[in-house]
Amino acid sequence: MTTEPRTEIERYRPNEVEPRWRERWERDRLYRTPDHVDGRPNRYHLTMFPYTSGDLHAGHWWAMAPSDTFARYYRMRGYNVLFPMGFDAFGLPAENAAIKGGAHPKDWTDLNIARMRGQLKTIGTMFDWEREVNTSSPDYYRWTQWWFAQFFKHDLAYRKHAAANFCPSCNTTLANEQVIGGRCERCDTAVEQREMEQWFFRITQYADELLANDALEWPEHVKLMQRNWIGRSEGAEAAFRLDPPAPDGTAELRVFTTRPDTLHGVTFMVLAPEHPLVAALVTPEQRAAVDAYVEQTRRTTEIERQSTEREKTGVFTGAYCVSYLTGERVPIWIADYVLATYGTGAVMAVPAHDQRDFEFARKFGLPIKVAVSPPAWTGGELSEAFLGNGPLVNSGSFDGEPSEQAKQSITDRMLASNRGGPRVQYRLRDWLISRQRYWGAPIPIVHCDDCGPVVVPDDQLPVELPYDVEFLPTGQSPLSLSEAFVNTTCPDCGRPARRETDTMDTFMCSSWYFMRYPDPHNSEAAVSRARTADWLPVDQYTGGSEHAVMHLLYARFFYKVARDLGIVPGDEPFTRYFSQGQILGPDGRRMSKSRGNVVAPDDQVQRWGADTFRAYLMFLGPWDQGGPYDVDGIVGVSRWLHRVWTVVIDPPALVDRPEGDDARELRRLVHETGLRVTRDLEHFAFNTMLAALMELTNHLQRLRDAGEADASAWNEAIERLVLMLAPPCPHVAEELWARIGRPYSVHQQSWPEFDAALARRDTIRIPVQVNGKVRAHIEIAADADEATAQAAADADERIQELVAGKQVRRVVYVPGRLLNIVVT
RNA sequence: GCCGAAGUGGCGGAAUGGCAGACGCGCUGCGUUCAGGGCGCAGUGAGGUUUAUCCUCGUGUGAGUUCAAAUCUCACCUUCGGCACCA
């Protein structure tokens with residue numbers, strides 16, 4: 001292949017092009033988003049804001065480059081797209097950095113924000129920085145506190161005792177992350193569970209509504225995970241009479257069961273070791289064993305406890321109870337497979353029909369009594385629990401009833417005698433929002449000896465986080481050491497009172513930030529009705545799959561509360577959600593500094609340019625899957641952009657030959673590519689979108705090397721290529737747009753229209769199969785009918801050979817796809 | 001353990017019932033005075049021999065449905081995400 005000698009052309013220099021355009025865009029406020037633009041409908045795109053952990057890493061680019069590409073595409077489609085950014089700035093790492101001897105959490109965080117904002121700008125996103133939010137700023141957390149007050153006023157916040165991890169040596173509460181194998185990560189001391197009074201939000205009140213997520217345009221697996229997390233189950237609550245009554249006077253024990261039909265198979269009861277009745281019920285002889293077991297349970301994580309494969313453990317309390325329905329007296333045990341946080345914290349054990357109860361009964365020699373007959377059961381011993389349905393046996397007057405019916409009739413009987421009744425139970429628990437930490441929004445409550453807990457009035461918010469506070473672990477929330485903070489007066493009665501010293505879970509800050517962007521500087525309201533009506537709900541949310549359950553569930557909860565307050569439209573915050581996978585280090589493991597596998601985006605940008613890095617991240621693979629970052633492959637994308645540069649600024653000789661085969665094929669390919677790119681963009685298939693653009697570029701390169709091309713087809717191809725390049729690679733697209741003499745800015749142009757009729761091929765090549773194996777190919781008209789295809793196949797020598805002397809059983813013709821001849 | 005997802009060349013991946021391996025990396029060969037992580041052309045899943053527009057095998061493992069399975073069904077294995085105080 002000989003190439004005509006050419007004069008030296010100007011090279012593509014991303015590090016010259018990119019900063020120049022970013023400065024221009026910023027100077028022109030190109031990405032400022034007004035609340036209304038005539039003729040452009042509003043559309044709200046949102047990508048999860050980052051935690052202010054320090055430097056931006058490749059994962060941030062992985063999250064933001066595709067979502068920016070998507071937002072830019074919609075901007076070109078004629079929408080007024082809001083695409084804001086901010087910082088999730090409260091949290092444990094800031095405090096850890098401070099304790100390690102670094103800066104104050106606020107200084108550390110502010111420094112990180114400044115650095116990250118600068119780095120984020122180098123991605124070349126269309127974020128409207130005039131709407132930035134920072135959850136640790138008093139202007140923001142004032143309103144987080146306002147939210148708490150709303151929950152409090154609407155009886156959605158309450159206090160109760162709850163356990164927290166506590167390190168007796170460091171004298172501080174620990175996050176789950178800080179507990180390694182039951183020990184403190186800093187000093188290796190065994191971690192205890194310490195009970196304290198904490199605040200909860202009644203998310204369970206919205207459980208049924210949160211469960212109804214069918215209509216959301218979210219990935220099905222995310223909706224499924226949320227439904228399983230909420231875990232609705234219907235069953236019954238049943239009361240049992242304590243015999244004798246507990247020394248504290250308690251007369252009944254209540255349990256939740258999904259199998260009231262098996263009530264006659266109950267042979268013992270099991271309480272969670274933390275159950276409040278345990279201390280009262282235990283007999284003196286059993287006390288030592290029970291105390292030891294309770295202590296042991298405190299050191300076991302909930303995940304371990306739920307393992308169905310673990311050897312069952314437990315201790316007899318010495319107490320008994322009697323079933324109101326059967327009159328049978330059964331022993332009461334405690335075991336860690338029963339969780340205090342689910343149901344009533346107690347179960348009626350039916351070893352014949354529950355595998356965990358079965359294993360427990362086997363181990364401790366407790367009786368196993370069949371209440372539902374397995375198929376063809378002859379009264380023998382079971383080798384495992386029978387979980388199915390069947391006719392009741394050993395169940396008195398209920399004998400013979402099918403279990404589905406017996407569930408109802410036994411529940412009815414309990415209800416009639418006021419000994420229980422139907423009950424719906426959720427796996428979802430109320431949301432514990434108290435944190436015994438410094439770097440969070442203070443809970444706006446004042447404790448008054450006379451008035452009890454009083455919420456701080458709105459006009460006294462924010463309750464400011466004091467700067468000068470000792471964070472060293474003292475066994476108390478750091479805020480409790482600040483006399484100036486703690487001592488106040490009761491907003492109701494004016495007498496001396498003490499402030500709440502716990503702060504709020506940072507998930508609260510991130511549960512409403514998307515409602516703030518529409519009016520981020522409003523000093524009169526957290527969210528203003530007028531602006532939320534303009535923008536909410538979010539049309540497209542994107543973010544990491546690790547947030548698929550908790551963050552998204554909390555945000556939906558907040559939104560429903562906001563709806564009930566009348567401040568947002570609709571019932572759901574995120575109409576569409578796309579969950580991206582996680583980018584891993586080159587070694588296939590999660591990027592972390594300690595592993596030394598962090599891909600620093602700044603280095604990549606310095607070396608290759610932001611557009612190349614953006615495109616490479618999108619080219620790596622499907623966005624919802626994530627995967628390892630292969631450092632070497634980026635050169636391919638770099639080469640591609642250099643090729644694009646070359647074909648645009650140094651075209652072949654342009655001639656007037658619009659009806660030539662080359663021109664027709666180029667035009668066809670441009671429209672085919674455009675349709676592929678458009679479809680792929682709308683499906684978040686950025687990798688195949690870029691592959692399609694590469695194919696078009698390669699074709700243009702071949703035409704360029706051939707020396708000449710039809711002017712109209714070439715110019716149309718180049719213009720559309722640059723327009724399609726604008727969302728994924730905004731800088732180089734802007735530069736090339738200017739170089740082909742088009743008016744600034746490419747980002748204010750419309751997405752081109754592509755025509756399926758122009759993209760169609762006249763003739764196609766399809767495979768001919770014999771018995772499902774490809775044996776030949778035929779060239780036929782794209783819309784050929786079966787007879788035509790059959791005739792073309794019959795004309796093929798190989799097909800003739802393979803079919804000769806055989807019986808044709810069937811011919812399958814899929815137009816445009818294949819012809820399959822089935823012979824015997 | 002429970003809930004969810006994913007397993008395809010040396011590597012990232014494409015194909016979502018219809019030609020497995022698009023696009024790219026890497027590698028091999030050829031060409032090019034190519035100093036700026038060059039450029040162009042050809043080849044590149046494994047095996048076979050009659051070297052072809054050929055044959056056989058091949059998408060984690062095992063079974064099944066279908067004219068046709070990477071794709072659907074069942075069972076299993078492995079890896080990843082979440083499990084309520086990391087965010």
Side-chain angles (χ1 to χ4, degrees), chain A residues 1-3 11 13 48 50-51 53 88 90-93 96 164-165 173-179 219-222 224-229 231 301-310 341 427-437 505-507 510 544-551 553-554 579 581-582 584 588 590 607-608 616 619-622 624-630 632-640 642-643 646 685 687-688 690-695 698 701 705 765-769 771-774 776-777 796 798 809-812 814 816-822:
Chain A
M1 174 96 234
T2 55
T3 307
R11 286 178 54 84
R13 296 177 198 282
M48 291 178 188
Y51 176 70
S53 53
D88 187 17
F90 274 137
L92 184 66
N96 283 342
N165 301 312
T173 301
L174 298 178
N176 287 343
E177 189 191 50
Q178 299 173 292
V179 180
E220 285 305 319
H221 74 267
V222 172
L224 185 58
M225 276 192 282
Q226 292 214 346
R227 287 196 288 267
N228 290 339
W229 180 267
T301 69
E302 222 165 76
I303 289 173
E304 285 176 273
R305 287 173 62 173
Q306 287 172 79
S307 168
T308 49
E309 290 203 341
R310 218 165 123 253
T341 46
R427 204 186 74 93
L428 179 70
R429 313 199 288 252
D430 275 342
W431 176 9
L432 192 167
I433 59 114
S434 296
R435 298 290 181 270
Q436 298 73 46
R437 303 249 177 71
D505 180 3
T506 54
F507 267 123
S510 54
S545 52
E546 70 274 23
H547 293 298
V549 177
M550 296 182 65
H551 161 65
L553 200 64
Y554 292 144
S579 141
Q582 277 185 33
L584 306 172
R590 217 172 156 157
R607 204 155 150 186
W608 304 101
Y616 182 53
F619 184 65
L620 268 177
D624 56 350
Q625 278 177 34
Y629 181 88
D630 169 26
D632 297 321
I634 192 169
V635 68
V637 172
S638 176
R639 285 174 190 152
W640 167 57
H642 277 92
R643 276 202 299 279
T646 305
N687 55 334
T688 49
L690 290 166
L693 289 175
M694 286 176 185
E695 286 179 52
N698 292 346
Q701 172 95 355
D705 289 346
R765 201 173 107 98
I766 63 164
V768 180
Q769 298 183 335
N771 286 345
K773 286 186 197 294
V774 178
H777 287 90
D796 186 280
R798 283 192 50 74
R809 293 280 174 208
R810 188 171 170 185
V811 174
V812 180
V814 183
R817 286 295 195 173
L818 57 41
L819 183 74
N820 186 13
I821 303 166
V822 184

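Given the structure is predicted, the values throughout are model-derived calculations rather than measurements. Every heavy atom of this structure was used, including side-chain atoms; hydrogens, water molecules and symmetry mates were not. In what follows, every chain begins at residue 1, and chains take the letters A, B, ... in the order their sequences are listed.
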Assign a letter to each nucleotide of nucleotides 43-56 of chain B from its 5' end: B, base within under 4.0 Å of a protein heavy atom; S, sugar-phosphate only; -, no contact. -----------SSS

Within the 4.0 Å limit for protein heavy atoms, which parts of nucleotides 77-87 of chain B are touched? Write it as a string from 5' to 3', B for base, S for sugar-phosphate only, - for none. ----BSBBBBB

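Here the straight-line distance linking atom CZ of A:Arg639 with atom CE of A:Met694 works out to 11.0 Å at 0.5 Å rounding. Taken to the nearest 0.5 Å, the CG atom of A:Asn820 stands 7.0 Å off from the CG atom of A:Asn771. A distance of 4.5 Å separates CG of A:Asn698 from CZ of A:Arg643, quoted to the nearest 0.5 Å. Rounding to the nearest 0.5 angstrom, the gap separating the CZ atom in A:Arg13 from the NE2 atom in A:His642 is 8.5 Å. The distance from the CD atom of A:Gln769 to the NE2 atom of A:His777 is 9.5 Å, given to the nearest 0.5 Å.
Residues A:Val637 and A:Leu690 have side chains not in contact (no heavy-atom distance under 4.5 Å, counting atoms from C-beta outward). A:Ser545 has its side chain out of reach of A:Asp624: every pair of non-hydrogen atoms, C-beta onward, lies at least 4.5 Å apart. When side chains are defined from C-beta on, A:Gln178 counts as touching A:Leu92, because their heavy atoms get closer than 4.5 Å. A heavy-atom distance below 4.5 Å is found between the side chains of A:Trp431 and A:Asp505.
Distance A:Arg11 CZ to B:A35 P: 11 Å, rounded to the nearest Å. As a whole-Å value, the separation of A:His551 NE2 from B:G4 P is 22 Å. Here B:A20 presents its C1' atom at 12 Å from CD of A:Gln769, a figure rounded to the nearest Å. Atom CE of A:Met694 and atom P of B:A14 are 13 Å apart (whole Å). For the pair A:Asp705 CG and B:C41 P, the computed distance is 6 Å after rounding to whole Å. For the pair A:Arg643 CZ and B:C41 C1', the computed distance is 14 Å after rounding to whole Å. Rounded to whole Å, the distance from CH2 on A:Trp640 to P on B:G12 is 22 Å. In this structure, the CZ atom of A:Arg765 is 19 Å from the P atom of B:G18, given to the nearest Å.
Using cut-offs of 30° and 60° for the angle between ring planes, the A:Phe507 and A:His551 rings count as parallel. In this structure, A:Tyr629 and A:Tyr616 have perpendicular ring planes: the angle between them is above 60°, well past the 30° mark.
When the C1' atom is compared between B:C27 and B:G45, the two are found 14 Å apart, to the nearest whole Å. B:G47 and B:G9 are spaced 15 Å apart, taking the P atom of each and rounding to whole Å. Spacing of P atoms, B:U71 relative to B:G18, comes out at 11 Å, to the nearest Å. B:U16 and B:G24 have their C1' atoms separated by 23 Å, with the value rounded to a whole Å.
Heavy-atom nearest nucleotides on RNA chain B were determined for A:Glu695 and for A:Arg810, and the one closer to the 5' end corresponds to A:Glu695. In this structure, A:Leu620 and A:Asn698 both approach RNA chain B, and ranking their closest nucleotides by distance from the 5' end singles out A:Leu620.
The base of B:G37 sits within donor-acceptor range of the side chain of A:Arg607, with an N or O pair under 3.5 Å. Counting atom types as modelled, A:Asn820 pairs a side-chain N or O with a base atom of B:C67 as donor and acceptor under 3.5 Å.
A:Asn687 has no side-chain polar atom (N or O) that falls below the 4.0 Å cut-off from OP1 or OP2 of B:G12. Side-chain nitrogen and oxygen atoms of A:Arg809 include none within less than 4.0 Å of the OP1 or OP2 phosphate oxygen of B:A68.
Where RNA chain B pairs in unbroken runs of 3 or more (Watson-Crick or G-U, both distances under 3.5 Å), the stems are B:1-7 with B:77-83, B:10-12 with B:23-25, B:26-32 with B:38-44, B:45-48 with B:54-57, B:60-64 with B:72-76.
Across all strands shown, A:Pro622 has heavy atoms under 4.0 Å from sugar-phosphate atoms exclusively, and none from any base. Heavy atoms of A:Gln701 sit under 4.0 angstrom from primed sugar atoms or phosphate atoms, though from no base atom.
Nearest to the side chain of A:Arg639, among B:A22, B:C19, B:C25, sits B:C25. When the nucleotides B:C19, B:C25, B:G36 are ranked by their closest atom to the side chain of A:Arg13, B:G36 comes out on top.
A donor-acceptor distance shorter than 3.5 angstrom exists from the side chain of A:Gln226 to the backbone of A:Ala548, with no hydrogens or angles considered. In terms of modelled atom types and a separation under 3.5 Å, the side chain of A:Arg427 and the main chain of A:Trp229 share a donor-acceptor contact.
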